[in-house]
Amino acid sequence: MVKITFPDGAVREYRPGITAMEIAEGISRGLAKKVLAATVNGQVWDAVRPIYNDSTLKLLTWEEAEGKSTFWHSSAHLMAEAVESQFPGVKFWVGPPVENGFYYDMDLGDRKLSEEDLAAIEKKMNELAKQNNPYVRKEISKAEAIRYFEDKGDEYKLDLLQNLEDGNITFYTQGAFTDLCRGPHIPQTGLIRAIKLTNIAGAYWKGDEKNKQLTRIYGITFPNQKELDEYLHMLEEAKKRDHRKLGKELGIFTFDDDIGPGLPLWMPNGAIIIEELEKLAKDTEEQAGYKRVVTPHIAKENLYLTSGHLPYYQDSMYPPMELDGVKYYLKAMNCPHHHKIFAAEPRSYKDLPYRLAEYGTCYRYEQSGELFGLMRVRCLHMNDAHIYCTREQFYEEFKSVNEMYLKYFKIFGIEKYVMRLSLHDPSKLGKKYVDEPALWKETEALVRDVLVRTNTPFVEVQDEAAFYGPKIDVQIWSTIGREFTLATNQVDFAQGRRFKLEFTTKENTSETPLIIHRAPLGTHERFIGFLLEHYAGNFPVWLAPLQVKILPISDKYMDYAQNVLESLKKADIRAAIDDRPEKIGRKIRDTEMAKVPYMLIVGEKEKQEHQLSVRKHGHGDMGTKAVAAFIEEVIAEIKNRASEQ
RNA sequence: GCCAGUGUAGCUCAGUUGGCCAGAGCAGCUGAUUUGUAAUCAGCUGGUCGGGGGUUCGAAUCCCUCCACUGGCUCCA
């Protein structure tokens, strides 16, 4: 007998060779219908694959993330079967599940896919699903596997096989389609009841743009139509809070063909938000001992040769303009300029940590296909600063930068983010990364140490560091699911030496400082793009371009409305009067849609009693208040930068 | 940059087997209405149908090309 341990700790005995599906059937018929796969000793396992050893078992259904990914992985195989039946001779690369669905990369030769092809494939998938074919697992020798794909003339699968160990190779077959695959898969195709192929894209083989571009089809599937409908509805809802849509509706920013791609024009409402963010940054940085500087938008080529940016970064910079035989570049980063300020005067250890801050304007020639609303642009304003410090000071400095992030995130109510410890890839030393193995090791340990000692949750990722050192990136997601680095905190052990930056130590020797590059509020462009989606356009009062709108019941109360407006303006509250000859219902509706935080309705009653009828955006009628009391409350809300709407 | 798609008024969208002066709603403007918690009524204005070239008696509609945008790939704050 084999002992099976369940997640709740219960242990039961079964005959050897029992399957997860049989165990589920023993528990309940309903459960068995829902089982997609299992984990056996922590390893994902087909529901119909026999178990011969004592094991811990967890049944996976649609409710579990691993259940979903198994379902989508099997869906990718189903799609491949449909594609192969439509386009014989197609060669497949890989077809994994992703966060929302799955894709399969394939080489279709010279054939191009159209939307109609997609519809036809989807139709075929539905037919094949109805056949309810089982996914059959087969262990196979490497030699046999190679022979199979040689016969098929499939160089892609042969490439995959190269890296696999003999004795560890499995094929899965459903219907007429057999694929090299480690599995697991759902029991049969009939479980896939709702199918939507979402788009066709090109994808470079092995993710390298030097390689051939394969055709990638994305899709998503569900165990029933209702869930698919819900998913599509959710996508529609997400589009409504897309910053590109909200930004236009709220008059935050715009683009113009004559200005250029990726070059946003900030409209008056957007400029107010920028002002508020800069006020926050300036207050915070002043208190934290930063000094503000201002630097030019261009610099000579030589600066970037010294910094070392040019070889790593040139493709992302606007091409230079040449004046009197000297090349000038638009700056893509502020650090070299700041280093020159550090170098302008002799520095003592007493000056350190020396912190220079600037909302620097940078220009980056991002590839045309990369531009994305405000989130990825070619002109950006960075909440930049550079901290020059000793090794002994590094821990405290880096830690206080991290604390600054968390303080900001609290103000904005940002909760869904991931701190990513971005490390170098040793195999790319001297190419993508400065060739200083020992310094990499040392600084990576320093950064990890800060995260560990401050109990900050984080993930470690290889090959994401800056060329000059490791960093912590704060990753967020746009409403349509794209991932971005919102903020970054970086160590730089390379540029100090390149610029020959030095300070005099207590012992009267010279030493090169460590440098921290940091941008807790990222760039105005990405940060405001993110905030638009984060708040769905409903900015807290302190950020709202228009904070209060006064709505007179009729023209008769314009005098009183003017009076109230004067009081609000004296209190530095951004306010305006809706002076259109419209009915009050109309004024309320329009102001609600403009997402103005407060509405003040004034008519006969309010005028007589020197009161206001207060309406809060999204909350409705809040009752009446004295003018002075309302002003006092709003000022407090603004001053606290209250995030709660 | 590469793959696929989209481009009609400020916004949302009609209009294609090529054929009456290219339409609607909202927004805007003008006038009337003076209004109590999410749309008052009427009239008017507004489009080189993304740009350029071609096919045709005739092009928003078909072809070529460029541009911009969208979804991916690669790259990044």
Side-chain angles (χ1 to χ4, degrees), chain A residues 98 103 105 108 112-115 117-118 198-218 239 242 244-245 248-249 251 254-258 260-262 313 315-316 332-333 360 362 364-377 380-384 464 466 471 473-476 480-488 490 517-527 529-530 551-558 580-593 599 601-606 613-615 617-618 620-623:
Chain A
V98 289
Y103 67 80
D105 283 350
L108 286 156
K112 306 256 180 216
L113 283 189
S114 68
E115 301 263 290
D117 292 325
L118 216 56
T198 47
N199 67 60
I200 309 168
Y204 300 106
W205 185 45
K206 296 187 179 180
D208 187 335
E209 62 182 329
K210 289 185 200 75
N211 285 342
K212 177 168 184 172
Q213 194 163 52
L214 304 176
T215 302
R216 174 175 296 181
I217 304 178
Y218 280 92
K239 273 189 198 156
D242 189 313
R244 291 166 297 187
K245 185 173 162 66
K248 185 158 199 92
E249 286 169 1
T254 188
F255 289 95
D256 187 285
D257 283 357
D258 287 336
Y313 218 87
D315 288 349
S316 300
M333 63 293 294
C362 300
R364 297 183 177 179
Y365 191 74
E366 304 288 355
Q367 296 188 68
S368 59
E370 275 316 317
L371 301 174
F372 178 69
L374 279 183
M375 301 278 207
R376 191 79 182 270
V377 291
L380 45 100
H381 298 82
M382 208 188 308
N383 171 223
D384 211 356
E464 288 287 349
K471 55 179 179 165
D473 293 321
V474 181
Q475 302 302 109
I476 52 98
I480 61 163
R482 221 183 274 193
E483 182 176 344
F484 287 99
T485 299
L486 187 66
T488 184
Q490 318 181 340
H517 302 233
R518 39 114 283 178
L521 295 177
T523 65
H524 281 322
E525 287 71 17
R526 189 170 288 177
F527 205 79
F530 170 78
L551 314 181
I553 295 289
S554 83
D555 287 2
K556 288 185 215 152
Y557 312 106
M558 279 302 284
R580 299 173 303 166
E582 292 287 351
K583 290 165 84 170
I584 194 66
R586 177 57 182 271
K587 292 181 183 178
I588 289 169
R589 177 183 155 83
D590 290 348
T591 313
E592 284 286 353
M593 297 212 301
M599 275 167 257
I601 293 160
V602 294
E604 188 60 32
K605 204 177 82 192
E606 290 78 10
S613 259
V614 180
R615 221 189 125 95
H617 172 60
D621 195 345
M622 308 293 279

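Keep in mind that the numbers below use all heavy atoms, side chains included, and drop hydrogens, waters and symmetry copies.
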Q. What nucleotide among B:A77, B:U40, B:G72 has an atom nearest to a side-chain atom of A:Glu366?
A. B:A77

(Q) Please give the distance between the P atoms of B:U6 and B:G10 as a whole number of Å. (A) 23 Å

Q: Please report, rounded to the nearest Å, how far the P atom of B:C76 is from the CD atom of A:Glu483.
A: 13 Å

Q | Pairwise P distance for B:C57 and B:C73, with rounding to whole Å | A | 48 Å

Q: Would you mind reading off the distance between A:Ile584 atom CD1 and B:U34 atom C1', rounded to a whole angstrom?
A: 12 Å

Q. Just how far, in rounded Å, is P of B:U37 from CD of A:Glu582?
A. 16 Å

Q: Report yes if a donor N or O on one partner sits less than 3.5 Å from an acceptor N or O on the other, where the partners are the side chain of A:Arg589 and the base of B:A39; otherwise report no.
A: yes

Q) A:Arg482 side chain N/O closer than 4.0 Å to the phosphate oxygens (OP1, OP2) of B:G72? A) yes

Q. What nucleotide among B:C76, B:A4, B:U37 has an atom nearest to a side-chain atom of A:Ile200?
A. B:A4

Q) Out of B:U35, B:C75, B:G71, which has the shortest distance to the side chain of A:Gln367? A) B:C75

**Q.** Nearest-Å distance for atom pair CD/P, residues A:Glu249 and B:C11
**A.** 11 Å

Q: Give the nucleotide from the list B:A38, B:A77, B:U37 with an atom nearest to the side chain of A:Arg376.
A: B:A77

Q.
Does B:A4 have its OP1 or OP2 closer than 4.0 Å to a side-chain nitrogen or oxygen of A:Arg216?
A. no

(Q) One pair to check against salt bridge (Lys or Arg N to Asp or Glu O under 4.0 Å): A:Lys556 and A:Glu604. What are the steps and the verdict? (A) CA-CA 9 Å; A:Lys556 288 185 215 152; A:Glu604 188 60 32; over 6 Å; no

Q.
Measuring to OP1 and OP2 of B:G1, would you say a side-chain N or O of A:Ser368 lies under 4.0 angstrom away?
A. yes

Q) Nearest to the side chain of A:Arg526, which nucleotide is it out of B:C69, B:U35, B:C76? A) B:C76

Q: Answer with yes or no whether A:Glu209 presents, from its side chain, a donor or acceptor under 3.5 Å of a partner atom in the base of B:C2.
A: no

Q. Rounded to whole angstrom units, what separation is found between the CD atom of A:Gln490 and the P atom of B:A77?
A. 7 Å

Q) Where the side chain of A:Tyr204 is concerned, which of B:U37, B:C2, B:G72 is the nearest nucleotide? A) B:C2

